[in-house]
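Proteins come first, then strands; the chains are lettered A, B, ... in the order of their sequence lines, and each starts at number 1.
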Number of protein chains: 2
Amino acid sequence: MPQLRIALAQVNTTVGDLDGNTALTVEWTRKAAEAGAHVVVFPEMSQTGYPVEDLTLRRTFADASVRSVTELARRLDEAGCGHVLTYVGYLDHDEVGPRDAAAALYGGEVVARQFKHHLPNYGVFDEHRYFKPGTELEILRLHGVDIGMVICEDVWQDGGPISALGKAGVGLVVAPNASPYERSKDEQRLPLVARRAAEAGAPLVYTNQVGGQDDLVFDGDSLVVGADGELLARAPQFVEHLLVRDMELSGASGSEGEFDGLRVHRRVLSDAPLPAYAASNDPVISEPLSDEAEVWSALVVGLRDYVHKNGFTTVMFGFSGGIDSAVCASLAADALGGDNVYGVSMPSKYSSGHSKDDAADLARRIGAHYRVEPIEDMVRVYVDQLKLTGLAEENIQARVRGMLLMALSNQDGHLVLATGNKTELAVGYSTIYGDAVGAFAPIKDLFKTHVWQLASWRNAEAVKRGETPPIPENSITKPPSAELRPDQKDTDSLPDYALLDDILDDYVEGDRGYYELLEAGFDPETIDRVVRMVDRAEYKRRQYPPGTKITFKAFGRDRRLPMTNGWREHKS
Amino acid sequence: MPQLRIALAQVNTTVGDLDGNTALTVEWTRKAAEAGAHVVVFPEMSQTGYPVEDLTLRRTFADASVRSVTELARRLDEAGCGHVLTYVGYLDHDEVGPRDAAAALYGGEVVARQFKHHLPNYGVFDEHRYFKPGTELEILRLHGVDIGMVICEDVWQDGGPISALGKAGVGLVVAPNASPYERSKDEQRLPLVARRAAEAGAPLVYTNQVGGQDDLVFDGDSLVVGADGELLARAPQFVEHLLVRDMELSGASGSEGEFDGLRVHRRVLSDAPLPAYAASNDPVISEPLSDEAEVWSALVVGLRDYVHKNGFTTVMFGFSGGIDSAVCASLAADALGGDNVYGVSMPSKYSSGHSKDDAADLARRIGAHYRVEPIEDMVRVYVDQLKLTGLAEENIQARVRGMLLMALSNQDGHLVLATGNKTELAVGYSTIYGDAVGAFAPIKDLFKTHVWQLASWRNAEAVKRGETPPIPENSITKPPSAELRPDQKDTDSLPDYALLDDILDDYVEGDRGYYELLEAGFDPETIDRVVRMVDRAEYKRRQYPPGTKITFKAFGRDRRLPMTNGWREHKS
């Protein structure tokens with residue numbers, strides 16, 4: 001059977017940066033060539049980055065993207081990589097409209113272009129807004145192997161390109177992807193790719209993007225799966241990686257024509273199989289991460305890329321002594337190095353002694369910069385001049401802290417982070433223009449109970465590695481408090497966090513209704529209390545769109561609720 | 001020929017408020033019945049409001065919407081309106097998925113349901129995300145007239161339902177709509193509806209929603225157009241209105257079956273034409289507003305409904321003495337009454353004497369509440385404690401003002417507005433968490449030159465009506481300044497506004513590229529300067545998503561750019 005050495009370039013592109021992404025592709029194709037690969041597959045839209053959003057509709061950008069692919073083919077040839085069949089993704093534009101496209105580059109030329117057929121338009125995807133679907137498939141014969149391609153969602157939907165390639169006949173299918181991380185997605189991906197390989201009757205090479213882009217994180221987890229469903233290679237998650245696999249493949253045999261409504265074209269680059277060579281025996285199957293390690297890595301990578309792709313190197317936020325800022329600090333230290341983290345303790349007259357001690361302890365543990373800026377004088381001017389009381393007095397403390405951080409950010413050039421967790425954002429236990437201030441909120445996707453769980457996990461990992469646990473034990477064990485009035489505790493305003501998160505998981509994540517929660521056995525009074533808090537928080541959040549994006553699954557990009565919304569789940 | 005009296009209920013619904021919208025529909029159907037109407041047509045999704053966004057995907061809401069229609073039919077009958085054939089819009093949900101649906105109610109029952117066929121997915125629309133398209137058409141015979149229906153976008157696209165109804169044969173087509181306002185849209189609407197009436201071979205009744213919903217405004221402008229393209233009735237813009245028109249229509253004759261891929265069903269409610277009656281001769285063609293009046297009305301209605309639908313009655317914002325806050329104040333007074341407007345003058349040490357005089361004058365002219373809260377003491381604590389200089393010192397002034405307004409809002413319950421205009425938002429001449437603080441920004445869609453133009457227009461209108469011009473003449477004529485440092489003028493940082501707005505109109509609104517701007521004859525250095533400012537502002541805005549929604553055409557819902565965006569239009 002003909003042999004081919006296949007490389008999967010699991011790289012971290014940047015949206016809009018055509019020059020940078022071109023340089024990245026040249027660099028990784030050169031690595032693939034050095035590894036002796038005959039084919040290298042990059043992720044979906046690798047030239048433009050993904051998701052391009054409304055930049056797709058800007059014609060000057062689409063034109064530049066199309067030009068960049070021809071230019072890339074030339075540069076690969078100049079770099080001595082012309083003999084490596086290189087699959088890249090890009091934005092095309094023709095008389096029908098914009099296209100999510102892939103191109104095959106060989107010998108300094110673009111030898112094939114194909115447009116994505118299935119366009120996802122749910123959850124974080126809006127591709128019907130941006131692209132027109134393709135209806136043509138390009139099969140290239142390289143060293144006697146017929147190679148078909150499909151793009152991302154074409155793998156996730158039944159029917160269409162994969163089925164057509166199976167009927168037309170191919171020896172290999174390559175699939176550039178940009179498939180965002182969500183919890184346990186790796187458990188869906190492998191069986192899906194295996195099913196599609198069987199449908200194509202050929203091995204499937206699935207290259208996924210890695211890294212953070214805006215409010216999405218891509219985990220990589222690139223795969224090679226045999227026609228029989230066997231896992232042949234798997235890349236590690238959350239890191240750039242060149243995965244190389246030798247394969248024995250079926251020789252050429254197949255037809256052109258129309259299959260499943262898609263038109264199949266063929267082009268021969270080289271007919272003769274390669275002379276037989278000794279395949280590499282290097283192990284190429286990475287183990288997926290544990291649940292905790294996977295979530296932690298996603299948060300670290302999302303934060304790091306948000307900071308770096310926005311042109312920053314350092315971050316600043318409040319160190320309160322509590323668990324949320326401690327976990328944010330530990331994530332930031334893992335993402336950027338402790339020396340790039342600037343913590344500010346901002347005690348008020350209600351701050352406890354242990355808060356300041358725990359904050360200082362945290363900074364020492366992770367090697368962060370640390371300063372103390374009391375807010376009493378600032379708060380007093382507002383309270384005295386405006387005669388503030390009650391909620392107005394509580395909120396002004398949080399807001400003075402937000403403004404203090406922004407002033408230091410303006411002065412010193414750090415990116416400000418917000419430390420709110422998903423539970424408090426969901427129930428509205430957060431101050432707009434106050435603790436919600438920040439460009440990025442690293443733990444906005446974690447319920448409070450999950451924050452504690454990851455803190456303990458991260459400390460235990462440190463102990464395993466013989467390192468200092470980053471998070472002060474006291475921040476994990478003490479009862480949480482906003483410290484905005486004397487002796488305040490979170491439980492004054494909220495149900496116990498274990499119960500609260502349990503209900504939120506059903507109501508917010510599971511999209512269950514009031515009566516389903518009753519059936520699940522929760523106490524009617526508690527359900528009513530939580531549902532009211534969530535509905536009210538959504539309502540308030542939409543009145544004053546918050547100073548930080550809220551992008552977690554059920555509220556952010558994944559849920560676009562109207563702001564003035566008269567609907568209430570439960571009217572008692 | 002058979003006669004029918006048709007009513008168009010151009011009403012202002014609220015998203016999510018099923019009970020409120022049901023009550024509204026009963027009230028307006030009763031008005032239609034009192035006017036002797038045989039048919040009344042409400043806007044698209046009148047039961048749920050429009051746009052429902054991700055609430056569409058909440059099954060408990062879809063179920064409640066479906067139930068509300070049956071309940072409405074019963075309540076209409078109880079109210080003595082069972083004999084009026086009532087077309088309403090609602091959210092349906094079947095085994096295929098959610099549906100943008102219309103229902104016909106008669107005799108206490110739902111006598112027909114139909115699903116929207118063409119789903120818009122561009123600009124402000126995301127309907128492929130939410131709905132599945134319908135493929136069935138329901139024609140009802142009432143008093144011997146065959147009445148077909150289509151929903152909104154079905155009118156805007158060639159082919160599909162209108163064409164199928166034309167081939168099947170109908171005497172009248174009704175079209176519930178939710179078509180958002182944009183400048184000069186009324187000039188597109190009438191020729192379009194006329195073309196569709198010709199395609200259907202029957203008069204077309206087009207009822208549009210009116211009022212503000214979140215970041216959209218609907219202008220009404222409901223129409224009746226004859227099969228020959230003649231305008232038969234037109235409702236006034238931006239107000240709720242019952243438009244009633246007597247019509248002589250073709251009698252029943254047509255077939256069932258499939259036309260243009262759509263299945264046509266027919267149902268007879270009553271075969272015999274009504275006994276002949278004397279048609280009303282009341283004039284029913286309203287004149288469209290002038291350009292300035294139309295924009296002013298859109299801003300007033302958008303602001304009023306944002307405030308009221310969010311449960312507020314009063315608004316508060318900074319009165320700086322400048323043109324932007326003066327125009328916002330005048331809009332707010334027109335929307336809510338001057339007594340519901342709370343102006344705060346917040347002078348710093350850089351504020352000029354005329355700023356305070358002009359602010360006080362403005363408050364007197366519109367009858368607003370007015371107070372002076374100097375910010376010097378607050379700013380001094382930050383500047384001294386943190387040793388702020390330069391931009392950090394400028395920004396803290398804007399931020400102290402934002403926090404001061406939020407504190408008063410918490411204390412007294414007013415909704416805070418942001419007074420920024422489109423020019424300064426586009427070029428980034430605005431402080432996040434500072435002057436960008438607010439739930440709603442009334443003039444975010446107006447370029448600076450347009451703000452001046454509307455100010456003069458509004459004052460002239462007042463003079464025409466014998467009223468006091470709301471905007472102090474000095475606020476219109478003096479050179480604009482942010483007053484954040486001594487003797488600062490906008491022109492220190494920005495090109496002349498006339499030139500700047502001209503370039504922005506091409507670059508931002510027209511989506512033209514750098515080279516097209518050169519061809520248009522702008523000076524290369526100025527283009528480069530403006531393009532850089534806009535690209536940088538977009539970039540900064542995405543780093544710190546702003547505290548107020550930016551929803552104007554080219555940046556908000558209508559343009560979703562990635563935050564970490566390496567693309568620059570022009571690299572010099």
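Interface remark: of the candidates B:V400, B:L408, B:D63, B:V400 forms the most heavy-atom pairs closer than 4.5 Å to chain A. Contact count versus chain A (heavy atoms, under 4.5 Å) is highest, among B:K387, B:Q385, B:E516, for B:Q385.
Contacts between B:P374 and chain A at a heavy-atom distance below 4.5 Å involve backbone atoms as well as side-chain atoms. Contact annotation for A:I396: only side-chain heavy atoms (C-beta onward) come within less than 4.5 Å of a heavy atom of chain B. With a threshold of 4.5 angstrom between heavy atoms, B:L388 approaches chain A through its backbone and through its side chain. B:T48 does not touch chain A: none of its heavy atoms, backbone or side chain, sits under 4.5 Å away.
A:T60 and B:G513 make their closest contact through CG2-CA, 3.8 Å (heavy atoms, listed as atom of the first residue, atom of the second, distance). Across all their heavy atoms, B:N410 and A:L391 have their closest contact at OD1-O, 4.4 Å. Heavy atoms only, all atoms of each residue included: A:A392 and B:A407 are closest at CB-O, 3.9 Å.
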Let me see the working for A:Y382 and B:M378 under side-chain contact (heavy atoms from CB on, under 4.5 Å), right down to the final yes or no.
CA-CA 7 Å; A:Y382 283 99; B:M378 296 158 185; 3.7 Å; yes

Please determine whether side-chain contact (heavy atoms from CB on, under 4.5 Å) holds for the pair B:V437 and A:Y433, giving the CA-CA distance in whole Å, both sets of side-chain angles, and the decisive distance to 0.1 Å.
CA-CA 8 Å; B:V437 160; A:Y433 309 130; 3.5 Å; yes

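Going from atom OG of A:S409 over to atom CD1 of B:I432 covers 11.5 Å, rounded to the nearest 0.5 Å.
In terms of modelled atom types and a separation under 3.5 Å, the side chain of B:Q411 and the main chain of A:E393 share no donor-acceptor contact.
Looking at A:I375, A:D377, A:V379 one by one, the single match for side chain to side chain contact (heavy atoms under 4.5 Å, CB included) with B:V381 turns out to be A:D377.
Aromatic ring pairs are classed by plane angle as parallel below 30°, tilted from 30° to 60° and perpendicular above 60°; the pair A:H128 and B:H128 is parallel.
Under a cutoff of 6.0 Å and an axis angle of 45°, A:R58 and B:Y507 form a cation-pi pair.
Looking at heavy atoms from C-beta onward, A:M406 lies in side-chain contact with B:R399 at the 4.5 angstrom threshold.
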